[in-house]
Amino acid sequence: MTASLLLVATILSFLASHSSRFSNLLRKWTNRLSSEGKQLQKEKQTLKDEQLKYNMVDDFAKYSKIQRKINAIDEKLKACNSNQDSIWWQLASAYVPQVICTLILMFLSMYYRSTPLFRLPDYIDLTPFNYIISYPNERNSVSFHFWVMGCNIIARSLK
């Protein structure tokens, strides 16, 4: 039981601290272009390739006509992307995983407040810090609160 608590607390602490990395991956995965967006990207690239054939000064009319088509495609792509990437989705994907992990850790801290995760041997004496490390348990035991705080400090320092 305590070994699983130890593992769960460690994993949740690291997930809460590094949730922005996971949410960035999630946003990249969900903001992939649709088939229409991919088709527009292909059209834009072919127009750009065609535009490279013309000199801007000598063939200004053809060059600018292609540029207007590219600008129209850019507007369509921007509209396509704005539908997918709303501000609410960005905020939710950035903060919801962190809030969930933190709430779970708070619940576990309250539920297992009097359960020691493990005991230190008697020959190890951490006299000035024993009360902080083992609160509210007996001497030389590591409490769930202390373990979560230590994991959070280490996880945030590894960013």
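None of these values were measured; they are calculated from a predicted model.
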- Query: Given the rule that I, L, V, M, F, W and Y join up when any side-chain heavy atoms are under 4.5 Å apart, are Phe146 and Val8 in one cluster?
  - Reply: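 Result: yes, single cluster for both.
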- Query: To the nearest 0.5 Å, what is the distance between CZ (Phe144) and OG (Ser114)?
  - Reply: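 Those atoms lie 12.0 Å apart.
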- Message: Measuring from atom CD of Glu43 to atom CD1 of Ile73, what distance do you get when rounded to the nearest 0.5 angstrom?
- Response: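 Result: 4.5 Å between the selected atoms.
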- First locate atom CG of Asp59, then atom NZ of Lys53, and finally report the distance between them rounded to the nearest 0.5 Å.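 That separation rounds to 12.5 Å.
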- Separation of Phe107 CZ from Thr102 OG1 (nearest 0.5 Å):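 Output value for this atom pair is 15.0 Å.
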- Query: Mind checking whether Leu15 and Pro97 have side chains closer than 4.5 Å, heavy atoms only?
  - Reply: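 No, every pair of side-chain atoms sits at 4.5 Å or beyond.
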- Please round to the nearest 0.5 Å and tell me the distance separating atom CG of Asp74 and atom CD of Gln41.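 The distance works out to 8.0 Å.
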- Could you state the interatomic distance from CD1 (Ile70) to CD (Gln67), rounded to the nearest 0.5 Å?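 Taking CD1 in Ile70 and CD in Gln67, the distance rounds to 5.0 Å.
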- Task: Report yes if some heavy atom in the side chain of Phe118 is under 4.5 Å from a heavy atom in the side chain of Trp147; otherwise report no.
- Result: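 Yes, at least one pair of side-chain atoms sits under 4.5 Å.
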- Check whether any side-chain heavy atom of Thr10 sits under 4.5 Å from a side-chain heavy atom of Phe14, and report yes or no.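 Of all side-chain heavy-atom pairs linking Phe14 with Thr10, at least one is under 4.5 Å.
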- Query: What is the minimum heavy-atom distance between Leu47 and Lys69, and which atoms define it?
  - Reply: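 Minimum heavy-atom separation between Leu47 and Lys69: CD1-CB, 3.7 Å.
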- Message: Testing the basics here: between Ser13 and Val148, what is the closest heavy-atom pair and its distance to 0.1 Å?
- Response: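 So the two residues come closest at OG-O, 3.9 Å.
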- If you group Ile, Leu, Val, Met, Phe, Trp and Tyr by side-chain heavy-atom gaps below 4.5 Å, do Val96 and Leu105 land in one group?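 They do share one cluster, since a chain of ILVMFWY contacts under 4.5 Å joins Val96 to Leu105.
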- Task: Decide yes or no for Leu12 and Leu108: does some side-chain heavy atom of the first lie under 4.5 Å from some side-chain heavy atom of the second?
- Result: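 The answer is yes; the side chains approach within 4.5 Å.
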- Task: Is it possible for you to say whether Met149 and Ile104 belong to one hydrophobic cluster, with membership spreading through side-chain heavy-atom contacts below 4.5 Å?
- Result: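 Per the 4.5 Å side-chain linkage, Met149 and Ile104 are co-clustered.
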- Item | Nearest non-hydrogen partners of Ala155 and His18, listed with the distance |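 Taking Ala155 first and His18 second, the nearest heavy atoms are O-NE2, 3.1 Å.
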- Message: So which atom in Arg156 and which in Ser17 form the shortest heavy-atom distance, rounded to 0.1 Å?
- Response: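 Minimum heavy-atom contact is CG-OG, 3.5 Å.
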- Message: When you compare the side chains of Gln45 and Asp49, does any donor N or O come within less than 3.5 Å of an acceptor on the partner?
- Response: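 A donor-acceptor contact under 3.5 Å links the two side chains.
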